[in-house]
Amino acid sequence: MRVIIEGYNYNIEKTKVLEALDGLTTLENVKHEVCVGYVGYYYNPTINDCVFILPKVLVNEAGDVFSHEGLKPEDIIDIDNVEFDKCKGLTSSERNFIYEFAVWIYRTIVVFNKENKENDIVYHRLIAQIGNAKKHVSNTFLDVLLSIIRFNKENQHFFTYILRNLHSGFNKINWTKTISRSNAVVQDDSPFYLTPINKKRQINFDEELIIIYFSILNHINEVYGFPIIINVGFDLIKGRKFDHYVKSYGKKRLKQIKYKYFSDTSLKLWGLCYAFFDRAHQITINTQQKEYLLVKNFNIVFEAIIDELVGDKREDLPKGLKDQEDGKIVDHLYKYKGLTTYEEDKDIFYIGDSKYYKLGNEIGKESVYKQYTYARNVIQWNLNLFLNGNDKEGDIKYRDDLTEGYNIVPNFFISARMDEKLSYKDNIHVTNRDAKVHVSRQFENRLFDRDTLLVSHYDVNFLHVVSLYARNNDNQKRQWKDKVRDLFRTDIQNVLKEKYDFYAMEAHPAVVAESYIKAHFQNVLGKIYTPFEYKNVFSLALDKKDPEGSNDKLLTELKKHFYVESCEIGENPEQIMIDAKANTIIPASVDSTKGKVLTGMVRATDANCELFEKHISVEYLMEKLPAVNLMDIAYFLPMVKGKIDGYYEVEKMSFKVVNNNTRLRLTLRNYQHLGERQVNIYSVMRPGELITIDNVIELYNKRS
């Protein structure tokens, strides 16, 4: 077998690459190099061998194949040449990897061609057939699998004949043995035998070979996704038992029963089974014509793979989103739970772009700018829905009318990367390149702004996604899609958490949020948004680097009018706000023109002292009528044990006679806090005085 790497420049003077590529259109450059732009399978009749052209991502940043230090693409052109020193350096696991990976590439191209029948990038001609005509020797695993599958399709009559013979006559009673070996029960002068003896079945090697063969077919279907129909009723070899066959027992058992077969068809079947368990075993294949399955521009196939495994289908997306009005086409687009919400039904569109290039290459500026353009187009598309009145109930709305803030648009790159250990394990993570997140903005410290756009970058194990796509198992693809979508959402949220502090905020009872936001619009523009079910609760995002140097000042000002508490992006703020209201003391902010404050004394021995300490009293009786204008009283300031921390609104006043003395009775409501601390004010204030609220606040602040 010959192995060529896509996109690699081979020196034709130092390698035998032209011999392997005979028949393919290849042009050399001025440096006497050739480069192949295909991926796939190609049989070259000139050298009587097959050529696999493998994707360029198998070469790492250092130019080494399979991350094998010092092993270059030109060193493995003829991997079966054991005389070549470089090929001797290939480990058995690396050789097995090449054989198996060729199968996955073949299956990937087949699935892509089936799902994209109108494509113009796949070139194919009939793959090799088993036969007795012009022969060549092949030991590729792909050849073996294709031949095993084809044998099933072309020899159904053989299996029908064998199965009919296997089961014929085995239920007939052997009367000679039944009469001689068992007792009869006589009834009405007729003998009845309760335990008749059937004809004994001998070990049938045809049956065993068929079981082994269909067990192999079942394995090919489950592991590689080849569509296979198995119409036999035998218990197949599966699981650990089949693994035992693969490791050693399969070849051993087949050798033991080899000489039980005489027909050409049975011998071919035996040879195919043996070749499966021993990949180096030689089988004869008909090569009367060139055979190939090649795809040019494999980046299109990789894009199709990622879109199938991550994105929504074009027909399931609203018109104008994937195929945008300016002619751009988004690689991957899907609807999923938004970044800023905790609610399952608050979705947003995620925008993705797949990158298939040599390892070590960085994302170009043009690609990053294109992603920003995709996001802007999606935002404008959404605005047009509502501006033109085309929106429907439940439609996603990116712009918040009150705050004029914009929802965060998730945007990402996903690029192919090969696992250095040649593993097919599920591995997707933030890229290890220098630029992990790209940011575009017009203003500093405005996350909820239309012009603030972020693009994250992830690497995915190329081997895993290729094998997952090639298997074409809907359930496996659905599970991976759900997992990856949740991973992207969580990871992008973590990126934002690293860059921003997030808060939930709700207006104090006496504050009208809409009026405040309009009055202080420039201070909060782009910093607040309403992503929650509770439209009176806002999300506040502040850049941790504080580029404007105003975060602390803004927080201090907002806390005078709002409950402001830390609340991470995507977190439910309901309980946070409940706790904030219970624990936050709201500073007084009362209109001083409404009236003045009457002072009063509450002693430790008074019956209602505890109620006043808890700020829940609803009544106060003055011991003496105050010598003030009662019509000016709007508030009551209780000096509880000589200390103050707030005052009540006076709902109404009345008089009450106690022990022949007329007292002033105040009905109280709505306790207003001056601050968190109680301050001693007895030395400068007496009960029965009438002062302004400004006087009260000034005295409190001076003594706190």
Side-chain angles (χ1 to χ4, degrees), residues 55 57 104 107-108 111-112 115 225 299-314 316-317 321-322 330-357 359 363 367 371 374-375 378 396 408-420 423-433 435-438 454-498 569-570:
V57 296
W104 289 123
R107 278 291 302 156
T108 297
V111 173
F112 173 82
E115 298 296 328
N299 60 295
I300 296 176
V301 177
F302 181 70
E303 179 184 320
I305 291 173
I306 298 302
D307 202 40
E308 175 70 17
L309 300 180
V310 173
D312 286 339
K313 295 185 181 299
R314 179 180 266 99
D316 296 332
L317 292 167
L321 269 183
K322 192 173 180 70
V330 181
D331 279 5
H332 318 297
L333 195 72
Y334 62 88
K335 189 163 68 171
Y336 194 66
K337 187 163 69 171
L339 302 173
T340 56
T341 182
Y342 62 92
E343 299 162 78
E344 294 294 335
D345 59 345
K346 292 291 185 67
D347 293 334
I348 199 168
F349 289 106
Y350 286 65
I351 304 169
D353 188 61
S354 50
K355 292 299 176 186
Y356 172 79
Y357 44 48
L359 296 183
I363 298 288
S367 295
Q371 287 304 112
Y374 288 156
V378 169
I396 303 166
I408 305 168
V409 181
N411 207 333
F412 61 88
F413 291 114
I414 182 168
S415 57
R417 191 173 189 87
M418 192 193 71
D419 186 271
E420 293 185 355
S423 168
Y424 287 83
K425 68 181 180 180
D426 183 3
N427 186 5
I428 182 168
H429 53 80
V430 176
T431 184
N432 57 6
R433 294 170 175 81
K436 295 176 173 56
V437 180
H438 306 270
L454 295 89
V455 184
S456 300
H457 189 176
Y458 303 92
D459 287 335
V460 62
N461 184 4
F462 179 71
L463 305 181
H464 178 76
V465 295
V466 164
S467 63
L468 184 59
Y469 179 79
R471 279 194 293 271
N472 204 23
N473 183 298
D474 289 338
N475 184 50
Q476 292 177 354
K477 289 189 293 185
R478 180 73 256 175
Q479 289 180 2
W480 197 78
K481 180 178 290 187
D482 292 341
K483 170 190 170 183
V484 168
R485 288 183 175 186
D486 185 67
L487 183 149
F488 283 159
R489 179 178 184 269
T490 301
D491 189 77
I492 295 173
Q493 285 179 324
N494 290 336
V495 169
L496 293 169
K497 290 175 185 177
E498 291 178 3
I569 183 171

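Everything numeric here is computed off the predicted structure, so don't read it as measured data.
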Kindly indicate whether the side chain of [X], heavy atoms from C-beta on, has any atom under 4.5 Å from the side chain of [Y].
{"X": "D331", "Y": "I306", "answer": "no"}
{"X": "L468", "Y": "D426", "answer": "no"}
{"X": "I569", "Y": "I408", "answer": "yes"}
{"X": "V437", "Y": "V455", "answer": "no"}
{"X": "H332", "Y": "I351", "answer": "no"}
{"X": "L321", "Y": "F349", "answer": "yes"}
{"X": "N411", "Y": "L454", "answer": "no"}
{"X": "V466", "Y": "I305", "answer": "yes"}

Between [atom1] of [X] and [atom2] of [Y], what distance do you get to the nearest 0.5 Å?
{"X": "R417", "Y": "L463", "atom1": "CZ", "atom2": "CG", "value": "12.0 Å"}
{"X": "H457", "Y": "I363", "atom1": "NE2", "atom2": "CD1", "value": "4.0 Å"}
{"X": "K425", "Y": "H464", "atom1": "NZ", "atom2": "NE2", "value": "11.5 Å"}
{"X": "T490", "Y": "N494", "atom1": "OG1", "atom2": "CG", "value": "7.0 Å"}
{"X": "D459", "Y": "T431", "atom1": "CG", "atom2": "OG1", "value": "3.5 Å"}
{"X": "D491", "Y": "D486", "atom1": "CG", "atom2": "CG", "value": "11.0 Å"}

Worked verdict on Y458 versus S415 for side chain to side chain contact (heavy atoms under 4.5 Å, CB included): CA-CA 6 Å; Y458 303 92; S415 57; over 6 Å; no
One thing to verify: whether [Y] and [X] come together as a salt bridge, which I'm taking to mean a side-chain N less than 4.0 angstrom from a carboxylate O.
{"X": "K355", "Y": "D353", "result": "yes"}
{"X": "D474", "Y": "R478", "result": "no"}
{"X": "E308", "Y": "K313", "result": "yes"}

Counting N and O atoms only, with roles assigned by atom type, does the side chain of [X] sit under 3.5 Å from a partner on the main chain of [Y], one being a donor and the other an acceptor?
{"X": "K481", "Y": "G311", "answer": "yes"}
{"X": "T341", "Y": "G338", "answer": "no"}
{"X": "Y350", "Y": "K337", "answer": "yes"}
{"X": "N461", "Y": "S423", "answer": "yes"}
{"X": "E303", "Y": "S354", "answer": "no"}
{"X": "R314", "Y": "K322", "answer": "no"}

Steps toward side chain to side chain contact (heavy atoms under 4.5 Å, CB included) verdict (T108, V301): CA-CA 8 Å; T108 297; V301 177; 3.8 Å; yes
Side chain to side chain contact (heavy atoms under 4.5 Å, CB included), that's the test. Do I396 and K335 meet it? Break it down for me. CA-CA 10 Å; I396 303 166; K335 189 163 68 171; 3.6 Å; yes
What are the two closest heavy atoms between V330 and G352, and how far apart are they?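 In terms of heavy atoms, the two residues are closest at CG1-O, 4.1 Å.
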For R489 against G570, the heavy-atom pair lying closest together: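 In this case the closest contact between R489 and G570 is NH2-CA, 4.5 Å.
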Would you please classify the geometry between the Y424 ring and the W104 ring as parallel, tilted or perpendicular, with 30° and 60° separating the classes?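 Plane angle between 30° and 60°, so tilted.
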Can you tell me how the ring of Y356 sits relative to the ring of F462, calling it parallel under 30°, perpendicular over 60° and tilted otherwise?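 The rings of Y356 and F462 sit tilted, inter-plane angle from 30° to 60°.
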I want to check a possible cation-pi pair here: R485 against Y334, using under 6.0 Å from ring centre and within 45° of the ring axis as the test.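 Yes, cation above the ring, under 6.0 Å and within 45°.
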May I ask you to check whether F488 and F412 place their ring centres under 6.0 Å from each other?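 Between F412 and F488, the centre distance is under 6.0 Å.
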Please test L309 against V465 for side chain to side chain contact (heavy atoms under 4.5 Å, CB included), starting from the C-alpha separation and ending with a verdict. CA-CA 8 Å; L309 300 180; V465 295; 3.9 Å; yes
Under a plain distance cut-off of 3.5 Å, with no hydrogens placed, do S456 and K436 share a side-chain donor-acceptor pair?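 On atom types as modelled, these side chains do not qualify, holding no pair under 3.5 Å.
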Is it true that K477 and N472 share a donor-acceptor pair across their side chains at a distance under 3.5 Å?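 Yes, side-chain donor-acceptor contact under 3.5 Å.
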